[in-house]
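All values below were derived from every heavy atom in this structure, side-chain atoms included, with hydrogens, water molecules and symmetry-related copies excluded.
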Amino acid sequence: MATSGSIFSSLSSTSAIQSQHAFLGVPHYPQSVLFGKRKLPHGFVVVAVTQGSAESSKSEEKIPSWAKPDSDEPPPWARDEAKNNGVSSSQQGFEIPFYAYLLASAVTAIAAIGSIFEYANQKPVFGVLTSDSVFYAPLLGFFVFTGIPFSAFLWFKSVQAANKEAEEQDKKDGYL
């Protein structure tokens with residue numbers, strides 16, 4: 001049950017909201033339009049007020065210490081750069097990027113599957129060896145039987161290298 005006091009307080013808060021809306025550029029409608037029998041020209045209007053909205057000036061977001069304007073702390077992804085600047089590139093091992101493994105895997109797989117088709121059709125594409133040569137079948141067999149497993153190995157190394165790079169980036173970003 002609503003008492004007359006609660007109705008009065010809701011009406012007074014509604015008028016306060018209306019005055020705020022008029023200031024913000026929202027059209028101001030009299031209470032007779034909002035609560036009366038007449039309909040609004042633009043459709044249905046819903047106004048909600050919560051206790052927390054009065055405290056909207058206080059931010060609940062926590063700003064990391066490195067993101068504050070007066071902080072000298074570097075962001076997580078730049079913390080290791082200062083440490084690695086003193087280390088020469090000869091001391092760090094060269095690692096092949098994952099996309100090089102992936103590219104080599106694709107080329108090897110294409111060559112192996114192409115060797116199967118070339119052997120089945122008996123029509124050499126490049127003309128280096130003719131189909132009546134003694135080395136024709138062994139050479140194509142070598143490409144097929146070593147190319148497919150080697151392609152799978154290179155693909156596996158590509159996935160490992162990509163996962164390693166992703167973990168290193170997650171550590172730099174502060175997720176791990």
Quick one: does any side-chain atom of Ser158 pair with a main-chain N or O of Phe98 as donor and acceptor, under 3.5 Å? yes
Could you go step by step and tell me if Ile116 and Leu140 meet the side chain to side chain contact (heavy atoms under 4.5 Å, CB included) rule? CA-CA 7 Å; Ile116 293 171; Leu140 292 178; over 6 Å; no
Could you go through Tyr136 and Glu118, starting from their C-alpha distance and side-chain angles, then the distance that decides it, and tell me whether this counts as side chain to side chain contact (heavy atoms under 4.5 Å, CB included)? CA-CA 10 Å; Tyr136 185 72; Glu118 187 170 327; 3.3 Å; yes
Do Thr108 and Thr146 have side chains that get closer than 4.5 Å, going by heavy atoms? no
Nearest 0.5 Å, please: how far is OH in Tyr99 from CD in Glu165? 8.0 Å
Examine Phe142 and Phe145 and state if one hydrophobic cluster contains both, with Ile, Leu, Val, Met, Phe, Trp and Tyr joined whenever side-chain heavy atoms are less than 4.5 Å apart. no
Side chain to side chain donor-acceptor pair (under 3.5 Å) partners of Asn121, counting only residues at least two apart: none
For Lys123, does its backbone N or O pair with a side-chain atom of Ser131 as donor and acceptor, under 3.5 Å? no
Group every Ile, Leu, Val, Met, Phe, Trp and Tyr by side-chain heavy-atom contacts under 4.5 Å, then state whether Val107 and Phe150 land in the same group. no
If we only count heavy atoms from C-beta on, is the Glu95 to Lys164 side-chain gap below 4.5 Å? yes
Same hydrophobic cluster for Val144 and Leu139, using side-chain heavy-atom links shorter than 4.5 Å among ILVMFWY? no
Give me the atom names and distance for the closest heavy-atom approach of Val134 to Pro138. O-CD, 3.2 Å
So if you build clusters from Ile, Leu, Val, Met, Phe, Trp, Tyr with side-chain heavy-atom gaps below 4.5 Å, do Phe153 and Ile96 land together? yes
For the residue pair Ser65 and Ser71, confirm or rule out a side-chain donor-acceptor distance under 3.5 Å. no
Give the cluster check for Ile148 versus Leu154: same hydrophobic cluster or not, with ILVMFWY residues linked at side-chain heavy-atom distances below 4.5 Å. no
Determine, step by step, whether Gln169 and Asp173 satisfy the side-chain hydrogen bond (donor to acceptor under 3.5 Å, both in side chains) criterion, reporting the C-alpha distance in whole Å, the side-chain angles of both residues, the deciding distance to 0.1 Å, and the verdict. CA-CA 6 Å; Gln169 187 63 43; Asp173 290 342; 3.2 Å; yes
Euclidean distance, Ser115 OG relative to Ile110 CD1, rounded to 0.5 Å: 11.5 Å
Just to verify, what does Glu73 make a salt bridge (Lys or Arg N to Asp or Glu O under 4.0 Å) with, not counting sequence neighbours? Arg79
